[in-house]
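For reference, the structure discussed in these notes is given below.
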Amino acid sequence: MFSAARLFILLSFSLLLMPSCQQQKTNAVPGIDPAPAEGFIGRRRQQPLPQERADLAVIFVGGFTEQVLLHFRKAYESMPLLPCSGRQLRAYYAWDSGTGNLLFHSTWKLQRDLAAFCRLNPTADIVLIGHSYGGSAIMDALRHLKEPHGRVIVATIDPVSRRKKSQPKQRPACVDYWINTYCYPYRNIRDGFARMGGPWRHCEQADINLNFPGTQRDTDGDRYAHVYPEPMLLESNTNIGKSVYELLCDRLSPAP
C-alpha cells in the first residue's frame, strides 16, 4: 500500500507533466464503436462498455496517472480494429474504474459492466488490455467473472502491482490466452514511479512474454519506457517479429 507521502509525490509529478490543452484532440482510427470523446475534459472521461449486442468487446484499462497524462488513451484511440465478423465494441477505463479510490482494490465498476455485457452476449469474445496498474486491474476483475462468455484474451502492457497482498500474477481461470509485455531495464527517469509500485516483468503463467528494453528505441527514436505504452502494444518485438496487436489478430482471426 502506498504511503500518503508517496501518493502526494505521484500526484504532484502527474500535474507537472500534464499535457497542454492544445494536445487534446483525438487521433482515433476510423470505425471505433462508440467513437472516442474529444477535448480536454472528454478525453479524461471513461468510456464504459456499452450494454448492447456485440460479438467482441475490446476493453482498455489505464494506469495510476492515466486520467491526467492520457498515455494509454492514445493506444485506445489509435489501435486498429481487431478481426471480427460482427459488431465490435471498445471501452476505456481507469485502473480504479473511476472510483477515485487510490489505496484499495476498486474494480467493481469494470466487474459490473463486464458481467452485464456477458449476460447480454454470452458467446461474445472479450479482449482486455491493461497498462501498469491497469494490468493488475483487469486480472482482478476477471477473477470475479462468473457469467457465460466466449474466448477471453488478455494483454498486459508492463503491468504493475497495486498492493503486495493481491497476488496479481495469478492467472484467472477464465483466461484463454495471455500476452505479457514489459520494459526492462528502465532508462526513463519517470519509470521510477512504476518501480515503486512493483513491476511484474516476466510472468510464468503468461502464454507469451515480450521484453522491450529501455536501452532500445522505438520507431520514433525514443527509448522504450513504461510511461509510453503505445509502442509496446503496436510495434513489433524483435524476438518474434510481431506486435501485441498482431498477436491479438492471430488469436481472433477465423481458421482458414
Side-chain angles (χ1 to χ4, degrees), residues 1-14 17 46 59-76 92-107 109-111 128-143 154-172 175 178-214 218 223-233 237 244:
M1 183 182 297
F2 282 108
S3 67
R6 283 183 174 181
L7 287 172
F8 177 78
I9 292 171
L10 283 172
L11 291 173
S12 298
F13 271 88
S14 298
L17 298 171
Q46 297 184 100
I59 304 168
F60 291 74
V61 182
F64 182 71
T65 59
E66 175 60 24
Q67 290 180 290
V68 178
L69 300 180
L70 303 180
H71 288 149
F72 206 46
R73 174 88 190 196
K74 296 177 182 177
Y76 153 73
Y92 167 76
Y93 291 84
W95 67 275
D96 64 346
S97 300
T99 60
N101 190 334
L102 302 180
L103 297 176
F104 302 102
H105 290 280
S106 48
T107 63
K109 285 187 177 181
L110 175 56
Q111 295 173 31
L128 294 104
I129 308 172
H131 169 239
S132 190
Y133 276 9
S136 58
I138 61 177
M139 293 303 199
D140 291 338
L142 286 174
R143 291 191 189 96
V154 171
T156 47
I157 311 299
D158 205 28
V160 175
S161 297
R162 289 191 291 153
R163 64 177 185 181
K164 293 180 179 178
K165 296 179 181 179
S166 65
Q167 295 183 335
K169 292 186 180 182
Q170 292 295 322
R171 177 175 177 150
V175 172
W178 176 11
I179 306 166
N180 178 60
T181 76
Y182 60 101
C183 181
Y184 181 80
Y186 290 146
R187 285 295 181 268
N188 188 303
I189 188 171
R190 282 184 284 174
D191 287 353
F193 299 129
R195 191 176 292 113
M196 289 168 57
W200 295 7
R201 297 177 183 158
H202 187 278
C203 295
E204 293 294 336
Q205 294 186 4
D207 293 284
I208 187 168
N209 283 275
L210 304 176
N211 183 23
F212 290 83
D218 59 27
R223 293 184 188 276
Y224 289 109
H226 174 86
V227 293
Y228 301 126
E230 189 177 15
M232 288 187 281
L233 174 66
N237 181 268
V244 172

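Residue numbers count from 1 along this sequence. Quick caveat: nothing in here was measured; it's all calculated off a predicted structure.
- Smallest separation of non-hydrogen atoms from Val160 and Tyr133: CG1-CE1, 3.4 Å.
- Remark: Thr156 engages Trp178, Asn180 in a side chain to side chain donor-acceptor pair (under 3.5 Å) (not counting sequence neighbours).
- Pairing each heavy atom of His131 with each of Ile157, the nearest pair is CD2-O, 3.2 Å.
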Exercise. Is there a side chain to side chain contact (heavy atoms under 4.5 Å, CB included) between Glu66 and His71 once you walk through the steps?
Worked result: CA-CA 6 Å; Glu66 175 60 24; His71 288 149; 4.3 Å; yes
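- Shown here for Trp95 and Gly63, the closest heavy-atom pair between the two residues is CD1-O, 3.0 Å.
- Checking side-chain atoms of Asn237 against main-chain N and O of Asn211 turns up a donor-acceptor pair under 3.5 Å.
- The two atoms that bring Val244 and Ala155 nearest to each other are CG1-CB, 3.8 Å, heavy atoms only.
- The two residues Cys183 and Gly214 come nearest to each other via the heavy atoms SG-N, 3.9 Å.
- The distance from the OH atom of Tyr93 to the CZ atom of Phe60 is 13.0 Å, given to the nearest 0.5 Å.
- A 4.5 Å side-chain heavy-atom check between Tyr224 and Pro231 finds at least one atom pair inside the cut-off.
- Listed by chain and number, the residues in a side chain to side chain contact (heavy atoms under 4.5 Å, CB included) with Asp191 are Tyr186, Asn188, Ala225, His226, Val227 (sequence neighbours excluded).
- One distance of note links CD of Gln205 with CD of Gln170; it measures 5.0 Å at 0.5 Å rounding.
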For this session: I would like to know whether Arg190 and Tyr228 meet side chain to side chain contact (heavy atoms under 4.5 Å, CB included); could you show each step before the answer?
Result: CA-CA 10 Å; Arg190 282 184 284 174; Tyr228 301 126; 2.4 Å; yes
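- The shortest distance between side-chain heavy atoms of Arg171 and Asp207 falls below 4.5 Å.
- Once rounded to the nearest 0.5 Å, the distance linking CZ of Arg73 with CD of Glu230 reads 13.0 Å.
- At least one side-chain heavy atom of Pro185 sits under 4.5 Å from a side-chain heavy atom of Pro213.
- Using a 4.5 Å heavy-atom cutoff, the side chains of Phe72 and Ile129 are in contact.
- A pairwise comparison of heavy atoms in Pro199 and Ala194 identifies CD-O, 3.4 Å as the closest pair.
- Atom CG in Leu69 sits 9.0 Å away from atom NZ in Lys74 (nearest 0.5 Å).
- Atom CD1 of Ile138 and atom CD1 of Ile59 lie 9.0 Å apart (nearest 0.5 Å).
- One finds the CD1 atom of Ile179 at 7.0 Å from the CD1 atom of Ile208 (value rounded to the nearest 0.5 Å).
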